[in-house]
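Report on the following structure.
As the structure is a computational prediction, the values presented were derived from the model and not from experiment. Numbers for residues simply follow the sequence, beginning at 1. Remember, it's 1-based here, ligands and their atoms both numbered in the order they're listed.
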Amino acid sequence: MTLYVYNTLSRSKEEFVPLQGNTVRMYVCGPTVYDYPHIGNARSFAVFDTIRRYLEYKGYRVTFVTNITDIDDKMIARAREEGTTVRELAARFTEEYLRIARELNLKPATVNPRATEHIDDMIDMIQHIVDNGKAYVVDGDVYFDVAGHEQYGVLSRISKDELAAGARVEVDEKKRDPRDFALWKAEKPGEPSWESPWGRGRPGWHIECSAMGARFLGLPFDIHGGGQDLIFPHHENEIAQSSAAYNIDTPVKYWLHNGFLTIDKEKMSKSEGNFYTAREVLDRHDHQAVRLYLVSAHYRQPLDFNEAALEQAQHSLDRLRNAAELLRGRIRVLEKAGDRAKGSDRELKESVARLREGFERAMDDDFNTPSALAEIFTFVRDVNTLAPEVGSAGTLREALAALTEVVGVLGIDLSGGAQTVGAGAAALVEGLIGLLLEIREEARAAKDYATADRIRARLGELGVVVADTKDGPTWKIAR
Ligand SMILES: [Zn+2]
């Protein structure tokens, strides 16, 4: 069946056709690790994880890159407020982000590049833009020349005139035009800085994503995701930078944006007090219920956060777990007693086929998760009615496998059963983690950051948190 996705670039649903055969190259804007992510950030994480999982369900090989912004204005301002270093702040909140990722059952990214490990890539891209005459240097700052870039505004559809009117407010003497934005910022006292052809300084935020996307996915790539609030200026600037650096008209084929999250129907606002961090919510609720809640609305629609919605998600999750338990219980009984053919077998098989068909129809329509969930709960009702009457363990196993697979796309894990390890296994685990960290250090020494990041991310998925200290890496099991 054909997948249709809503592309912000064209403002319409388009048939999804990857640029290269069966592979999908996908980039999602990740966290700036200066504070606890809020529940709206968690929505974006969960939404794009589900989109990635559905692409994999359809048989695509997905390379999924999501960055960690560990240097930008917010990082510097917060570190100063707290009297700490940018590096310490980044380490603390990167760990918090990876913990949220585990708790929300996000599939680890293929790569989680850190901005500070890719300054060379950013400098290289800026140099290309300068060489192509689309950027200029003033006193160690480098600015993108918006007026000189024809396609500027292609994503946000904000005209250059509107932009000029809006930008006049913040006048910067160094810029030729108030619409221009910084690619490189000259060093200021007390700020982290790196050597560059324009003197010491640091990258602007927008160039970070462009450079890391190009580095790990090549250009053009298939999907770029993020919250709607990033369309302008962040994603508009990303397109401008990538196309100006490499003379590519369309550096990304599909732009996907998730909707806002409101609290009790009000816009989330720290100053108004209606604001929740992901941590507050995850500490008070079943993690899987939070995940289910986050994907319960269509990803482009607003999602309201309120206690009733969380209770509803918990109730739905319990129904899924009960259906899986009912199937497991019946399978055990029939494995002992032996199969007896019954009329309900055929009915349950038909219901499995309807589940898969309905689920795929819903998800193929721009990842319509509420409609997919409706199909899943129709199936759960069938299971509750039919499973006690089914005579073949094979039919029940098929039903359990289908249910587990489709809810798995939404990030819900029905496999159940915590695993424990004995003392011998614990020593083995210790040795294996030590070995992986050795390989990771070698990869870092050889500047193979993709491998190093992957080892750290995969360990993170297993609950092993790696911290880099001046004496080398340490690790602990987070749960
Ligand atoms: Zn970004």
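- We find that Lys185 and Asp73 are joined by a salt bridge, their nearest charged nitrogen and carboxylate oxygen being less than 4.0 Å apart.
- The salt bridge (Lys or Arg N to Asp or Glu O under 4.0 Å) check on Lys13 picks up Asp365, with sequence neighbours excluded.
- In this structure, Lys74 does not pair ionically with Asp72, as no charged nitrogen and carboxylate oxygen lie closer than 4.0 Å.
- Ion pairing between a basic and an acidic side chain is recognised when a charged N comes within 4.0 Å of a carboxylate O; Glu375 and Arg356 show no such pairing.
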Would you list the atom pairs, donor with acceptor, under 3.5 Å between side chains in residues 20-28 and any protein atom, with sequence neighbours excluded?
unit_1 : atom_1 : unit_2 : atom_2 : d
Asn22  : ND2    : Gly59  : O      : 2.9
Thr23  : OG1    : Gln20  : O      : 3.0
Arg25  : NH1    : Leu217 : O      : 2.6
Arg25  : NH1    : Pro220 : O      : 3.4
Arg25  : NH2    : Pro220 : O      : 3.2
Tyr27  : OH     : Asn67  : OD1    : 3.1

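- Protein N/O/S atoms found under 2.8 Å from the Zn ion (ligand 1): Cys29 SG, Cys209 SG, His234 NE2.
- Among pairs with a residue in residues 39-64, those fulfilling salt bridge (charged side-chain N to carboxylate O under 4.0 Å, His left out) read Asp49-Arg53, Asp49-Arg291, Arg52-Glu56, Glu56-Lys107, Lys58-Asp364, at least two apart in sequence or across chains.
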